[in-house]
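Take a look at the structure set out below.
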Amino acid sequence: MSYIIKTEGLCHRYSIGTPFERVAIENINFEAARGEFIGIIGHTGSGKSTFIQHLNGLLKPTEGKVYYEGTDIWKDKATVRDIRFKVGLVFQYPEYQLFEETVYKDIAFGPKNMKLPEEEIDRRVREAAMFVGLGDELLDRSPFELSGGQKRRVAIAGVIAMRPDVLILDEPGAGLDPRGRESIIDNIKRYHRATGATVIMVTHSMEEIANTVERIVVFNKGHIEMSGTPREIFSRGDELSEMGLTVPQVTSIAKRLYELGLPVDPSAYTIEQLKTDLIRLRGGRRHA
Amino acid sequence: MLKDITLGQYFPGNTLLHRLDPRTKLVLTLVYIVALFVAKNYISYAVMLAFLITSVLVSKVKPRALFKGLKPIMVIIIITAILNLFYTDGNVLVRFWVFKITDAGIKSAVFMALRIAMLIMGTFLLTYTTSPIDLTDGLEKLLGPLKKIKIPVHELAMMMSIALRFIPTLIEETDKIMSAQKARGADFETGNIFERARAMLPLLVPLFVSAFRRADELAVAMESRCYHGGEGRTKMKQLKMKRGDYVGLTTGALLLTCVITLASFGL
Ligand SMILES: Nc1ncnc2c1ncn2[C@@H]1O[C@H](COP(=O)(O)OP(=O)(O)OP(=O)(O)O)[C@@H](O)[C@H]1O
Ligand SMILES: [Mg+2]
């Protein structure tokens, strides 16, 4: 399998040389395959945000290496800057970082820095706006007049417009209502399917991640604790709860039913899976 | 790079220096600064240096943190030293083109650089060992008599503590916004000074927006806790001078006397 991004022995310490010095992440060995959809979970302060900022060279590793398609991204200055266009990163609460007069200009900031021709920029801005479900009529508005959810979409579009090969999102759904959350996640899924880009998504919500990703990486106290398919991860519910994490509600229900002696899959993690099992139990009749 | 600005930062600790009354520390710092400007010769500089080093040792602040604070003003120190080096009269040692280096020039360059560096380190030591709240409390108390001539001491102190409180926050915020823009290919590191200044412009909008938002939130938070200015306001934590404080003040008085005596002998 060909890896697009890989880290080796990655460590990061903050505030080196002050009394506040602390290890944020330690010895991270991580690989992402081309086109993979990866979810990262972990409790607050486990180092998720610190980790992903290494993948596009925003933070320099205290120790260890980051490789993009086999090249060390810190080889020289030009490489790092190049990598930032290929690995797009959407920050936690990105809506506070909008700054242009209009939504259009804000989305165009990245492509402009790539020195693309004017028509290409225009095409990308409209395409990115479409991906995140922003109507054309919003493009000429000031970003500061939009709602929180709309601002979030603008910020995501600003990164998508660079057409990164790897799209990284830090808690894209945080602080939104359930519907806004769902629709942003749907947009990201659609982007993944349409472009075949590698997507790495950090989240706190198990439900969100269970239905979406192919592989889950669990962070705990600055290192990677587990990595595997949602099924593998959620079958280790006890270990997860020791780390202060939970399994999706569906999984806890399935597990309980299984313990009560019903022949259902104890590690079902989507409503669909459990529904199929239950319907089968009732003799395959619909509207059970 | 912004992380190098350590102004107003406090390193919590529980050393003698941390426990001193903020008023004592403020007065000591003032005495120290005056003494620095009185000091004119090797012996008095040695005394001053001994005082500084002892304080640093007592405070357990890592010297590295102090030197880091010097970094942003290194340029000023170097320029001052160079000006003193070339423009002081005395016995000429080296002469080239229109420049001459004199023995007095070397001496005053070294002293000048030392003076500025020690000044900065001394004041940093104050903010490193005193929490912003203590600092403004002390200042308010010290300047208290000025209330008699209608100077709004409490309000000034409150403004100062808010400013100190928000410097690190604003720096952090700037860092975050810079990162987000770097992630979209903004370039703050290459190019000439004009290009770099231009790249900084897009930072200002989100920074101002968030500063105003914070100011607004803070005002609401203060009002909802019935803040109404300094009048009739009492303190939960009363400042109290202890034995260590008298020792500290005596040391300060000794230091100043010593340096003034040395200076008056022209040593
Ligand atoms: N700029 C910084 N300076 C110093 N320490 C930091 C900084 N950013 C993060 N840390 C520390 O590093 C550790 C990891 O933080 P990080 O932001 O990576 O966690 P996280 O997993 O993203 O948490 P959350 O889920 O709350 O976003 C934390 O203990 C945090 O206190
Ligand atoms: Mg985070």
Side-chain angles (χ1 to χ4, degrees), chain A residues 14-21 49-50 52-53 55-59 77-78 80-101 105-116 142-144 151 155-162 164 167-170, chain B residues 1-6 9-15 18 59-69 71 124 128-129 168-169 171-191 195 198-214:
Chain A
Y14 279 113
S15 317
I16 293 178
T18 72
F20 305 113
E21 177 168 335
S49 302
T50 306
I52 57 172
Q53 287 178 59
L55 298 183
N56 72 342
L58 276 178
L59 287 179
K77 254 196 170 148
V80 182
R81 189 144 187 256
D82 236 31
I83 292 300
R84 298 209 177 127
F85 295 127
K86 291 183 182 148
V87 182
L89 175 60
V90 182
F91 276 80
Q92 225 162 343
Y93 298 104
E95 54 272 29
Y96 296 124
Q97 289 142 12
L98 303 176
F99 60 94
E100 287 280 18
E101 293 151 61
K105 281 190 187 167
D106 215 293
I107 301 178
F109 183 73
K112 242 188 214 144
N113 283 330
M114 295 167 85
K115 310 228 157 43
L116 295 173
S142 156
F144 299 101
K151 282 188 203 165
I156 297 176
V159 172
I160 287 182
M162 301 190 301
L167 176 65
I168 307 176
L169 303 113
D170 199 348
Chain B
M1 61 192 214
L2 284 169
K3 289 277 150 63
D4 290 341
I5 305 172
T6 38
Q9 201 175 57
Y10 169 56
F11 292 167
N14 190 20
T15 66
H18 283 89
S59 74
K60 294 205 180 120
V61 168
K62 286 197 187 132
R64 197 159 145 196
L66 278 177
F67 287 123
K68 223 169 138 195
K71 235 199 256 162
F124 269 132
Y128 282 170
T129 58
T169 313
I171 290 176
E172 207 182 298
E173 197 110 341
T174 316
D175 238 21
K176 246 192 218 153
I177 296 169
M178 270 174 110
S179 298
Q181 293 188 2
K182 271 198 225 159
R184 292 207 271 157
D187 188 0
F188 299 103
E189 273 128 37
T190 56
E195 283 165 351
R198 242 182 76 88
M200 291 281 194
L201 273 182
L203 290 181
L204 295 180
V205 177
L207 206 55
F208 270 103
V209 169
S210 85
F212 283 125
R213 183 168 47 85
R214 273 181 204 288

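Here is the naming used below: chain letters follow the sequence lines, and residue numbers restart at 1 for every chain. Quantities reported herein were computed from a predicted structural model and do not represent experimental measurements.
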Chain A contact via [X] - which portion, at a heavy-atom distance below 4.5 Å:
X	value
E173(B)	neither
K182(B)	both
S210(B)	neither

query = If you look at every heavy atom in Q181(B) and L203(B), which pair is closest and at what distance?
reply =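 Heavy atoms of Q181(B) and L203(B) come nearest at OE1-CD2, 3.9 Å.
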task = Working to the nearest 0.5 Å, report the span between CD1 of I52(A) and CG of L59(A).
result =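 The CG atom of L59(A) is 10.0 Å from CD1 of I52(A), to the nearest 0.5 Å.
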task = Check for a donor-acceptor pair, side chain of Y14(A) on one end and backbone N or O of T50(A) on the other, with a separation under 3.5 Å.
result =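 Flag not set: sc Y14(A) to bb T50(A) has no pair under 3.5 Å.
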query = Looking at R64(B), K62(B), K60(B), which one has more heavy-atom pairs under 4.5 Å with chain A than the rest?
reply =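 Option with the top pair count is R64(B).
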query = F91(A) versus chain B, heavy atoms under 4.5 Å apart: side chain, backbone, both or neither?
reply =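 Contact with chain B involves the side chain of F91(A) alone.
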message = Is I16(A) close to chain B through its backbone or its side chain, or both, or neither, when contacts mean heavy atoms under 4.5 Å?
response =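 Both backbone and side chain of I16(A) come within 4.5 Å of chain B.
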ask   = Who are the side chain to side chain donor-acceptor pair (under 3.5 Å) partners of R184(B), not counting sequence neighbours?
value =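 D106(A).
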request  = Taking atom CZ of F144(A) as the centre, report whether more than 12 heavy atoms of other residues, nucleotides or ligands fall under 6.0 Å from it.
outcome  =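 Buried by this count: over 12 neighbours within 6.0 Å.
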